[in-house]
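Read the structure below first, then the notes.
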Number of protein chains: 2
Amino acid sequence: MAVVRRGVGRDGRPTLEQVAARAGVGRGTVSRVINGSPRVSDRTRAAVEAAIADLGYVPHQAARALAANRSNAIALVVPEVEARVFAEPFFSGIIRGVSAELADTDIQLLLTLIRAPRERTRFAQYAAGNRVDGVLLVSVHGDDPLPDQLAAMGLPVVMTGRRSAREPVPYVDCDNQGGAQLAVEHLLGRGRTTVATITGPTDMYAARCRLEGYQEAMRVAGKPHDDELLALGDFTEESGYAAMKELLRRRPALDGVFCASDPMAIGARRALRELGRTVPDDVALVGFDDSSLARHMDPALTSVRQPIEGMGRTMTRALLRQIDDREAEGPRLVLPTELVRRASS
Amino acid sequence: MAVVRRGVGRDGRPTLEQVAARAGVGRGTVSRVINGSPRVSDRTRAAVEAAIADLGYVPHQAARALAANRSNAIALVVPEVEARVFAEPFFSGIIRGVSAELADTDIQLLLTLIRAPRERTRFAQYAAGNRVDGVLLVSVHGDDPLPDQLAAMGLPVVMTGRRSAREPVPYVDCDNQGGAQLAVEHLLGRGRTTVATITGPTDMYAARCRLEGYQEAMRVAGKPHDDELLALGDFTEESGYAAMKELLRRRPALDGVFCASDPMAIGARRALRELGRTVPDDVALVGFDDSSLARHMDPALTSVRQPIEGMGRTMTRALLRQIDDREAEGPRLVLPTELVRRASS
DNA sequence: ATCAGATTTGGGAGCGCTCCCACACCACTG
DNA sequence: CAGTGGTGTGGGAGCGCTCCCAAATCTGAT
């Protein structure tokens, strides 16, 4: 025979039923108050709120999730293949933005690192299991099918960055091309005549955009197209080092380099030092990301800053809107970038 | 009149009941299989597993959480007051360790940043609401009451680092004193005769331990106690810069400095450069943390490495054990540190 | 063959909430 | 004064699972 103890939580915590009893109303009414329904009279609402405060009631999330079929959680997915993402402030900036935006909701942030392909599958399954209401994807590669998979499940998804110019999945990106163009215009404006670039991996859309920004600035300045001023990197310091050596071999007289990432700029700087070139006198250097590396390079690195925290906030806001209203249009936003001038240029 | 459709999930996903029907067993049996109970015959288990695979069944977490009164989630709490924690790889290393350890459980990691005191209260309430099974606390200050509060609620808690020598809450720490001692012994072993130290904030236990390591090494080497070789910092680059200037004013002839954090070493290096001292020829420098800053300093910084990822793994393993068995002893572990030698010493 | 004891199994009850139907109550209208 | 159309409100049903009791089945010793 079940002991009747309506409304007493199993570990002593008050339940909604207890609140209802205390306020002298029904369960439904308390639920309405908690969920901010307008269909409650002011008198009743006040009584319920008082009861909630008295009892120190906190809704039981699992019960809510089960009954309402939503989890009150969103996932932030980081493909950690990009260890880079971690070392740099990019990732933490995104987290900061996301959690700032989540701060006055009761939505939880689940952090999910995906390393192995196995984990990728696993997460897709996990997401299929009603465990998150939406997904934020960070730094997705050009050929990653995960965004489409998730979107196909009907799960709201927002990415940072695009995979291509025609990105089907909603995204919040920054103006990679514009930033790169600013950087190169800055170098040219400082009187540099032979400006090279070290690119990111060309299978990444962001890297291609930065290259286009470089090319556009050169074109506007009336510089003839010159493939010898272009060296491929992959965003890593090592690749920057190698690319810089190659560039100097080809064009010993170059006097400016736009690097598509800060670590590559660090590598380039090392190569320059080894070959006896000074920065910025012989060669001016500009990076991209405005990471802490930039500030600590010697000389401090001029770099293109992305509004990382803002991107985090924006994508979160957009995701929440989509969760609220499945019909809502997903974001397709490109936020501005700016040049932070330091001693290296 | 309710439509009878036993075992069909509301959004088409199979339920436990459906699996049971398919396998020709009862709900309880399926539940036992899922939860790895030994009280199931091999034949039955195989049948259930086949049904699970056929149907692509994934347990509904909210339902589990509600019924079993556990959330299958743990929180990693970061008092972001320490922005430092973010910029450095410490934090990401911990995350990496934690999530590696969580990888083959179905436990989710909730990341919680606490900035304002308001959020601190909020989290305590949140944690009280059965939403997490345990809490990992990162980089807690000496006077933070949160660990005790959580522990008092009966919630399993593990911290990185201690708040004092007599830490009541379970922790996983690293050998700060030993690491510092190694660093200073190294400097002395390289023939440096006048070795100073720049300390961290003395309200942090880790900082005090590092100072003790310095003092112990000096004592063992038979150096007379000399307070003029000791300058206070607060782990930031600026404080390192100021402290270094002060030290040089007091002891122009010093030839070695142990800095209790890498950013302080960067600051010290800047001060040394400004005063025309070379590193390592005039003054040898050692840092603590072995962050990426260390590798990128010029010259690359010798630094004490903590097994960060290992700490993350260890604390997670310990937390899971405590969640499993509330009576289990919490960890009180101090992991070894090691010296990474580079060009600065 | 028989039965105590161990092993395996089925399924009722219930976790704490939301959803939604039904009903009470309140103006107003004609 | 009956009728109409709001508002507010109560509470049954049910979300998908786990827990646990009791029943069924299977040992192996007598």
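Computed from a predicted model, the values in this text were never measured in an experiment. Excluded from the calculations below are hydrogen atoms, water molecules and symmetry mates; all remaining heavy atoms, backbone and side chain alike, are included.
Shown here are the salt bridge (Lys or Arg N to Asp or Glu O under 4.0 Å) partners of A/Arg45, two or more places apart in sequence or in another chain: there are none. For the salt bridge (Lys or Arg N to Asp or Glu O under 4.0 Å) test, no residue two or more places apart in sequence or in another chain qualifies with B/Asp324. Partners of A/Ser71 under the side chain to side chain donor-acceptor pair (under 3.5 Å) rule, at least two apart in sequence or in another chain, are A/Asp133. With sequence neighbours left out, the salt bridge (Lys or Arg N to Asp or Glu O under 4.0 Å) criterion links A/Arg32 to no other residue. Here B/Gln322 pairs with nothing under the side chain to side chain donor-acceptor pair (under 3.5 Å) rule; sequence neighbours left out. For A/Gln149, there are no side chain to side chain donor-acceptor pair (under 3.5 Å) partners at least two apart in sequence or on another chain.
Non-hydrogen atoms lying under 4.0 Å from DNA chain D are contributed by A/Arg39, A/Val40, A/Ser41, A/Thr44, all within residues 37-46 of chain A. If you check residues 47-55 of chain B against DNA chain C, you find no residue with a heavy atom closer than 4.0 Å.
With a 4.5 Å cut-off on side-chain heavy atoms, A/Val132 and A/Val135 count as touching. Looking at A/Asp143 and A/Arg163, their side chains never come closer than 4.5 Å, going by heavy atoms from C-beta outward. Looking only at side-chain heavy atoms (C-beta outward), A/Val77 and A/Val138 stay at 4.5 Å or farther from each other.
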Check nucleotides 25-28 of chain D for protein N or O atoms closer than 3.5 Å to its own N or O atoms and list the pairs.
none

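Nearest-nucleotide mapping onto DNA chain C: of A/Val58 and B/Gly24, the residue sitting toward the 5' end is B/Gly24.
Applying the side chain to side chain donor-acceptor pair (under 3.5 Å) rule to pairs touching residues 47-70 of chain B yields A/Asp11-B/Asn69, B/Arg22-B/Asp54, B/Asn35-B/Arg64, B/Gln61-B/Asn72, B/Arg64-B/Asp106, B/Asn69-B/Asn130, B/Arg70-B/Asn72, sequence neighbours excluded.
Applying side chain to side chain contact (heavy atoms under 4.5 Å, CB included) to A/Val172 and the options A/Val158, A/Leu136, A/Ile94 leaves one that passes, A/Val158.
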Can you check each nucleotide of nucleotides 18-24 of chain D against protein heavy atoms at under 4.0 Å and return B for base, S for sugar-phosphate only, - for none, in 5' to 3' order?
B------

Derivation and outcome, side chain to side chain contact (heavy atoms under 4.5 Å, CB included), residues A/Leu76 and A/Leu110
CA-CA 6 Å; A/Leu76 176 62; A/Leu110 300 185; over 6 Å; no

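Remark: P of D/dG16 and CG of A/Leu66 are 7 Å apart, rounded to the nearest angstrom. Between the C1' atom of D/dC15 and the CD atom of B/Glu17 lies a distance of 12 Å, rounded to the nearest Å. The distance between atom CZ of A/Arg13 and atom P of C/dG16, rounded to the nearest whole Å, is 8 Å. To the nearest angstrom, P of D/dA13 lies 21 Å from CG of A/Asn69.
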Donor-acceptor list for residues 328-335 of chain B side chains, cut-off 3.5 Å, not counting sequence neighbours:
residue, atom, partner, partner atom, Å
B/Arg332, NH1, B/Glu167, O, 2.9
B/Arg332, NH2, B/Pro168, O, 3.0

